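Predicted model, so just to flag it, every value in this text is computed and none were measured.
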Amino acid sequence: MATVYAIASAKGGVGKTTTTAAVATLLAESGADVVAIDADIGMANLADALGVGPGETTIHDVLAGDADPEAAVHEGPAGLRVVPGETEIDAYAAADPSRLRAVVEAFADADYVFLDAGAGLSHDSTLPLGLADETLLVSTPERSALGDTEKTRQLVGRLGGSVAGAAITRVDATDPDDEAGIIETILNADVLGRIPEDAAISRANAAGGSVVSVEPNAPASRAYRDLARALTGATIGDPDPDEDGDEAEADRDPSVPNEYEPEEEAEEPGGDEAEDDDLIVADSGPVGISEAGDEEEIIVADEQPVEESGVVEGAFDGTDEV
């Protein structure tokens with residue numbers, strides 16, 4: 001029987017999809033049978049984070065009643081089974097989110113099922129919380145993000161679900177104590193992992209894959225391995241020190257510096273060679289890049305207060321009726 005995890009936060013742009021892709025990939029690499037489902041019906045981008053083409057059949061076709069769940073499966077890294085979403089607005093309009101339960105049940109034979117949930121507290125984004133065995137909260141250390149993520153934690157409890165803990169992304173490694181104090185003040189959940197701010201994530205997105213596959217020795221990749229272990233208890237091995245190999249180098253944008261390899265220093269001109277040859281030293285500064293993936297998510301629903309009865313009006317109540 002599969003253990004179902006929802007990766008969730010009411011705040012958009014905090015790294016839910018990046019986290020889903022990384023943890024699911026690591027578990028697949030460990031030999032587990034893993035299914036990653038894009039449950040962000042309105043802003044689907046899990047396929048991009050995993051370097052998988054959505055193909056002709058997606059979860060939107062399944063939710064529209066036009067295909068079986070197995071028909072929407074695409075092979076991802078390390079044998080990961082990916083159920084991607086469609087990005088066209090027409091596909092969203094035709095999808096019926098209440099069919100998501102049947103999609104999850106179709107993969108009961110897997111070891112793990114991950115639901116990449118959308119931002120906000122709308123009906124669509126709360127459905128995965130009611131279907132999951134455990135919810136992993138994701139937030140950056142900013143107060144606003146932590147506050148929205150705390151609302152998600154409270155909603156999980158009112159739906160009768162369980163919060164496994166939280167992953168804090170874009171952590172400033174130079175000031176961890178200050179960030180830890182803010183997190184403990186606002187978010188009432190155990191922190192299972194802290195993912196540092198790391199340019200390797202942007203490079204991996206540009207290369208079309210998860211950071212744990214493209215640059216397995218990057219600081220973010222090491223942190224995601226620790227998170228996967230803490231979340232699931234699975235045995236996740238460490239890569240060889242030099243495993244960020246030729247494939248990652250081939251896919252890396254040459255205009256983006258690799259911060260993990262020191263640049264070769266140009267020899268100072270001098271002697272007869274300096275007199276014979278002109279030495280031109282180029283100053284190649286870093287190029288500005290923006291992180292791709294789920295940071296473009298936005299909160300699409302108005303956040304209504306939770307009723308004393310225990311369920312947000314219009315949210316999924318854990319039953320078959322929606």
Between T152 and S9: side-chain donor-acceptor atoms closer than 3.5 Å: no
I183 side chain near L146 side chain, heavy-atom distance below 4.5 Å: yes
Nearest non-hydrogen partners of H60 and I41, listed with the distance: NE2-O, 2.8 Å
Polar side chain donor-acceptor pair, E142 to T140, under 3.5 angstrom: yes
T185 (side chain) donor-acceptor with G181 (main chain) under 3.5 angstrom: yes
F107 CZ: over 12 foreign heavy atoms closer than 6.0 Å: yes
Interatomic distance, S162 atom OG to D133 atom CG [nearest 0.5 angstrom]: 9.0 Å
Derivation and outcome, side chain to side chain contact (heavy atoms under 4.5 Å, CB included), residues N188 and R153: CA-CA 8 Å; N188 188 19; R153 186 200 66 79; 3.6 Å; yes
Worked verdict on L137 versus V163 for side chain to side chain contact (heavy atoms under 4.5 Å, CB included): CA-CA 7 Å; L137 304 172; V163 172; 3.8 Å; yes
S139 side chain near K11 side chain, heavy-atom distance below 4.5 Å: no
Salt bridge (charged side-chain N to carboxylate O under 4.0 Å, His left out) evaluation trace for D66 with R99: CA-CA 12 Å; D66 297 330; R99 296 178 187 267; over 6 Å; no
Identified side-chain contact (heavy atoms from CB on, under 4.5 Å) counterpart of F114 within the set T3, V4, V23: V23
Side-chain touch P239/R225, heavy atoms, less than 4.5 angstrom: yes
A220 backbone acceptor or donor facing D198 side chain under 3.5 Å: yes
For the student: nearest non-hydrogen atoms of A200 and E215, plus distance: CB-OE1, 3.7 Å
E29 and L26, any side-chain heavy atoms less than 4.5 Å apart: yes
D96, CG: over 12 other non-hydrogen atoms inside 6.0 angstrom: yes
Gap between atom CG of L155 and atom OG1 of T135 - 0.5 Å precision: 9.0 Å
Donor + acceptor pair across side chains of S122, D124 (<3.5 Å): no
D226 vs I236 side-chain heavy atoms within contact, under 4.5 Å: no
Table please: side-chain donor-acceptor pairs of residues 71-84 below 3.5 Å, with sequence neighbours left out.
| unit_1 | atom_1 | unit_2 | atom_2 | d |
| --- | --- | --- | --- | --- |
| H74 | NE2 | P54 | O | 2.8 |
| H74 | NE2 | T57 | O | 3.0 |
| R81 | NE | D33 | OD1 | 3.3 |
| R81 | NH2 | D33 | OD1 | 3.2 |
| R81 | NH2 | D33 | OD2 | 2.9 |

Separation of R170 CZ from T18 OG1 (nearest 0.5 Å): 7.5 Å
Exercise: identify the closest heavy-atom pair between I59 and G85: CG2-CA, 3.8 Å
Atom pair CG/CG of L159 and L131 - distance to nearest 0.5 Å: 10.0 Å
Atom of S98, atom of L127 and distance for their closest heavy-atom approach: N-CD1, 4.2 Å
Atom pair OG1/CG of T17 and D38 - distance to nearest 0.5 Å: 6.5 Å
Nearest-0.5 Å distance, CG of residue D68 to CG of residue D61: 11.5 Å
Hydrophobic cluster identity match, I89 and L63, side-chain contacts under 4.5 Å: yes
Min side-chain heavy-atom separation V14-T149 under 4.5 Å: no
Nearest non-hydrogen partners of L192 and A164, listed with the distance: CD1-O, 3.6 Å
Shortest non-hydrogen contact between A166 and A189, atoms and distance: CB-CB, 4.4 Å
Beyond-backbone contact of R143 with I186, side-chain heavy atoms, under 4.5 angstrom: yes
L136 vs T19 side-chain heavy atoms within contact, under 4.5 Å: yes
Test item: N217 side-chain N/O and P241 main-chain N/O as donor-acceptor pair under 3.5 Å: yes
